[in-house]
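Structure record follows, encoded as structure tokens.
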Number of protein chains: 2
Amino acid sequence: MAPIKSDLPQGTLDLLMLQVIALGPVHGYAIAQRLEQVSRGVVQVPEGSLYPALHRLENRGLLAADWKETETGREAKFYRLTRKGLKQLETETADWQRLIDAIGLILGMADGGAQ
Amino acid sequence: MAPIKSDLPQGTLDLLMLQVIALGPVHGYAIAQRLEQVSRGVVQVPEGSLYPALHRLENRGLLAADWKETETGREAKFYRLTRKGLKQLETETADWQRLIDAIGLILGMADGGAQ
DNA sequence: TTCTTATACCTCGTGCTTCTATGCATTAAC
DNA sequence: GTTAATGCATAGAAGCACGAGGTATAAGAA
């Protein structure tokens, strides 16, 4: 039996990562932890999704990276948002809002039940 | 006219279709129109996505279909929700709520901004 | 030293969903 | 009988998430 998994819908991962990185430079490993914490465990990002996404975003010019030392004395790649990335974040956030709004209309259209 | 980009996240199409079908038997063509109308044009489902999804859902036992005549006198395949489909709809709706809730937490966590 | 654990990075292959493009059949209008 | 709208369907390609695996460093335990 397949355990119930709440996978992230395709496309939303980029948005969430941009949001976390917008708060300040972080390295990949920390991004995943941050997402999991803030979402109270609902959003979990395995590394097999994380790093390809990071490279994808960097490749599109939305992120820039520098190697720095972490508090634990390790070298890590710290990502930060570029100007283009910030713009993308704003656009995608607006799109997301509009979309869940529309979906809300659809999901609520039936309902006698209100609530 | 700014083109409205629908680009549904993966997995949500099934949910939306289940919801529309839950309201009563409809044929595929009408499902797409209904989704577009109710979402005010935000959600657009091309036929190349629609019919495969329909078959996928039927294949999983969530939908059942009968050929009937439309008001225009044409034969069309009317889909309806099975018991299993209804259950799936409820589950997916709950999952969706939990997810956009979590994403809302993440998107709202920063906000320095203020537009 | 060596082993283990935790941190931190990365890639490949698989599978699923979606989109673009296209074709076929039927009905109504001309 | 040709055109347009309706209605169903498939094929090919592209994109994305994920699991499994690999590398390397630091710190503490044996």
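In what follows, chains are A, B, ... by sequence order, proteins preceding strands, each numbered from 1.
Evaluation of the side chain to side chain donor-acceptor pair (under 3.5 Å) rule for Arg56(B) yields Asp14(B) as partners, not counting sequence neighbours. Take Tyr51(A) and apply the ring pair (Phe, Tyr, Trp, His ring centres under 6.0 Å) test, not counting sequence neighbours, and it matches no residue. Every side chain to side chain donor-acceptor pair (under 3.5 Å) that Thr70(A) has, sequence neighbours left out, goes to Thr72(A).
Between the OG atom in Ser39(A) and the CZ atom in Arg34(A) there is a gap of 12.5 Å [rounded to 0.5 Å]. Asp95(B) contributes atom CG, which lies 9.5 Å from atom CG of Leu15(B) (distance to the nearest 0.5 angstrom). A distance of 11.0 Å separates CD in Glu90(A) from CG in Leu18(A), rounded to the nearest 0.5 Å.
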For nucleotides 21-29 of chain D, 5' to 3', base contacts (B), sugar-phosphate-only contacts (S) and non-contacts (-) with protein non-hydrogen atoms under 4.0 Å give ---BBS---
With a 3.5 Å cut-off and sequence neighbours excluded, list the donor-acceptor pairs that the side chains of residues 77-88 of chain B form with protein atoms.
residue, atom, partner, partner atom, Å
Arg80(B), NE, Asp66(B), OD2, 3.0
Arg80(B), NH2, Asp66(B), OD2, 3.3
Thr82(B), OG1, Gly61(B), O, 2.7
Thr82(B), OG1, Leu62(B), O, 3.1
Thr82(B), OG1, Lys84(B), N, 3.4
Thr82(B), OG1, Gly85(B), N, 2.9
Lys84(B), NZ, Arg60(B), O, 3.1
Gln88(B), NE2, Glu92(B), OE2, 2.7

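When the P atom of dA5(D) is taken as reference, atom CD of Glu75(B) falls 23 Å away, rounded to whole Å. At whole-Å resolution of the value, CD in Glu58(B) and P in dA9(D) are 8 Å apart. Spacing between atom CG of Asp14(A) and atom P of dC18(D) amounts to 12 Å, rounded to whole angstrom units. Here the P atom of nucleotide dC16(C) and the CG atom of Leu13(A) are 20 Å apart, to the nearest Å. Between Glu69(A) atom CD and dC9(C) atom C1' the separation is 16 Å, expressed in whole Å. dG7(D) atom P lies 7 Å from atom CD of Gln33(B), rounded to whole Å. The distance between atom CE of Met17(B) and atom P of dC8(D), rounded to the nearest whole Å, is 11 Å. Look at CG on Leu8(B): it is 15 Å from P on dC16(D), rounded to the nearest Å.
Looking at the side chain of Lys77(B), the nearest of the listed nucleotides dA8(C), dC18(D), dA9(D) is dA9(D).
A donor-acceptor pair under 3.5 Å links the side-chain atoms of Thr93(A) to the main chain of Leu89(A), judged by distance alone.
Comparing Gly11(A) and Tyr29(B) by the nucleotide of DNA chain D whose heavy atom lies nearest to each, the residue mapping closer to the 5' end is Tyr29(B).
For the contact set between residues 49-57 of chain B and DNA chain D, defined by any heavy atom under 4.0 Å, the members are Tyr51(B), Pro52(B), His55(B).
Residue contacts for Gly48(B): at a heavy-atom cut-off of 4.0 Å it reaches a base atom on one of the strands shown.
With respect to Leu35(B), the side-chain contact (heavy atoms from CB on, under 4.5 Å) criterion is satisfied by exactly one of Leu105(A), Ile103(A), Ile106(A): Ile106(A).
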